[in-house]
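Written out below as structure tokens is the structure these notes cover.
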Amino acid sequence: MIKNEKEIKGNDFNITRSAEELRKLSFNDHVCIGCGICESTCPVEAISLDAIANIERNYTGTYFSGHEKITQNNVLETNKAGNKTKLTINEDKCVLCGMCSGLCPASALTLTIDNEPIKNIDAYPSYIAYAECNDDECIYCGKCEIACPRDAITVKRNLPERAKLVTGEITPDKDTCIYCGVCEEMCPADAIDVTKAIGEEDIVIDTDKCVYCLVCKKACPVEAITAVCRLCPYGEYDLDEADAEITGTTIISEDDCISCGWCEGVCPTDAMTVKKPFEGTLVTDPEKCGTCGACVDLCPCNALSFPKTKGPGERSVQIVSNDDYCIKCGACARICPNDAIEVSRTGVNHTPTNSESWTDALEALKN
Amino acid sequence: MVNNMPKHISSGLKYIAAVELKSKGLSHKEIADELDLDRSTVSHYLNGRNLTWDSIDVANTIVNMCPKDFLSMMQVLFKDIDKIRTMTLILKSEEYKTIVSKSCIGCGLCVDLCVMKAIKLDSLKAKIEADLCCGCLICEEECPTRSIRILEVNK
Amino acid sequence: MELKVNQDNCLGCGVCVVACPINASISPEVAGGHGSKTEETIMMVENGFIKLFSPEKCDECGTCQMFCPVDAIWLE
């Protein structure tokens, strides 16, 4: 008889079945956003989502001031330390159909068939959701890296060398120089090194450090330094613009990105394009809201917050959602003890599929 | 003696298969190749020698079992899966009609379970080749969404 | 975060003006060290000292701070 095998590593697990083909369902606990879509779509009811390890979360005041990345990370660390998986899959029931994997908006569950993830297999539908960076527009400022609630973005910046940015000419005349060291003392960029020892007198100017401010020239009592700066409006020099260009790379990790839109929102040059998996609305009911903050902690997109209060001790009375950064995953509505949040999805962006049951499952996400 | 029994029974089954193939007009050489036997053994079988009528009776009983039980017996008697498949196709001649409803989720469980390798996945839906189906109904029973129906065709 | 300058320290070398990526996008010629054609840039050297023209455009990337040899411009 064909039997599933389950392997558990820390909070992650793998379920495998190998016969005609090798099917493997893996779960990444730290990527799971706790939306519960897998639980409701599983055709064999093999998945149960924990009441979410966010019970163990740290309540910290910083949460209520809105977007605070540092505390978000703390919650994830807490989950790890708590050693409690968000998701339990009954491996006896699981048939490895991959529906949970196909419908997971955060790629926390991944089914691979013969080591090929199903999102790469054409027959399976997948969400049309992504974040893309246009390298022509990007100035590699790193704002998106800081804003990303999932730590999915890495920006590497290569700065031009200082000597290339500001250039000029500087030469000490060693015959005139009296090696007094005044220039060394005055130099703001520590570019001059004077050796005063008798018999070994020397003066060395490091042009990589030199900013051609000409302070040394002005300070030299014997006028031993000739220097000219190319930035000076009276100069006749040309400087290659390419040398001043800031280059870099912006890498978005597909596994971690949930296409929430923060990067697009903070990008000063509109280099980011984000397409979200769902369309719909999130409505909060301030009457019902108990200001417990569970949703704020759980929201993977940092789209929920309590408005800033006027003074310490005063509690905020209602929850505010920022629609720009919400992906309508429904995790907040699921966790809210007072049913104060209602998420309704009106559209699901996905690639087409021939399978009617899969289409039905995707349509069922609308409500 | 118990250890010897399966061997006798499997010989009986091979005998029945050889007779069946002979009636379809295959030559001794072709039968020997198909059943992976010596040509001399095939000649002995077809000339009515070397086998007791008892073992042929037992083999006949097995052939007349319901397809699922028949497959279980075959899996005990023959270890080689390819041999089981060839023998089953020769010995079980019923025809089946297969229906896969649209609730199929493409989990591939039936593909893995089908001893006859009659099922393949085609764009997230099971596709059953009726010619290869032996009617064991394992796929129908195990399907998590009850999407498969196997119907026997009355001749 | 706010962009701050200290004119007492400033050498007027213009490294910050040249290095700033926002300046380069507003007025590409500053990247080449030719001085800006407009006063739209975040900062420029005026009379030998750095002066902030439109600090509100600052994206707080910190490039200027990294390049300044005398810590005359920084984010706070």
Side-chain angles (χ1 to χ4, degrees), chain A residues 136-147 155 157-168 186-192 206 208-216 218 227 229-248 266-271, chain C residues 1-3 5-37 40-51 54-75:
Chain A
D136 293 342
E137 298 285 330
C138 182
I139 59 168
Y140 314 104
C141 66
K143 286 201 102 169
C144 52
E145 188 176 358
I146 297 166
V155 177
R157 192 156 62 141
N158 308 320
L159 292 170
E161 288 168 34
R162 179 185 292 182
K164 280 186 178 166
L165 279 179
V166 184
T167 57
M186 299 294 283
C187 179
D190 290 331
I192 306 180
D206 184 344
D208 283 347
K209 286 183 181 171
C210 179
V211 294
Y212 307 97
C213 63
L214 313 190
V215 163
C216 51
K218 287 171 203 158
C229 172
R230 291 183 178 176
L231 255 192
C232 172
Y234 306 108
E236 293 172 1
Y237 302 96
D238 268 332
L239 210 144
D240 192 356
E241 278 184 35
D243 287 343
E245 211 171 283
I246 295 178
T247 57
V266 299
C267 182
T269 59
D270 296 330
Chain C
M1 296 266 274
E2 204 182 329
L3 192 62
V5 292
N6 181 348
Q7 292 201 335
D8 292 343
N9 286 357
C10 181
L11 300 165
C13 68
V15 171
C16 53
V17 184
V18 176
C20 174
I22 307 284
N23 273 1
S25 64
I26 296 168
S27 175
E29 61 278 3
V30 299
H34 297 290
S36 174
K37 284 176 183 158
E40 301 282 298
T41 49
I42 297 175
M43 74 296 247
M44 282 296 287
V45 178
E46 201 179 62
N47 301 327
F49 295 107
I50 192 68
K51 192 181 167 194
S54 19
E56 73 281 356
K57 287 180 188 161
C58 173
D59 202 35
E60 293 153 17
C61 68
T63 310
C64 52
Q65 185 173 358
M66 209 177 296
F67 275 107
C68 181
V70 290
D71 299 328
I73 185 162
W74 71 96
L75 287 164

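Naming convention: chains lettered A, B, ... in sequence-line order (proteins, then strands); numbering from 1 in each chain. These figures come from a predicted structure and were not determined experimentally.
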(message) Return the OG1 to CG distance between Thr63(C) and Leu159(A), rounded to the nearest 0.5 Å.
(response) 5.5 Å
(request) Identify which of Asp71(C), Val17(C), Asp59(C) forms the greatest number of heavy-atom pairs closer than 4.5 Å to chain A. (result) Asp59(C)
(message) Counting C-beta onward and ignoring hydrogens, is there a side-chain heavy-atom pair between Val211(A) and Val70(C) closer than 4.5 Å?
(response) no
(request) Please list, chain by chain and in numerical order, all residues satisfying side-chain contact (heavy atoms from CB on, under 4.5 Å) with Asp208(A), sequence neighbours excluded. (result) Ala163(A), Asp206(A)
(message) Does any backbone or side-chain atom of Ala24(C) lie under 4.5 Å from a heavy atom of chain A? Answer side chain, backbone, both or neither.
(response) neither
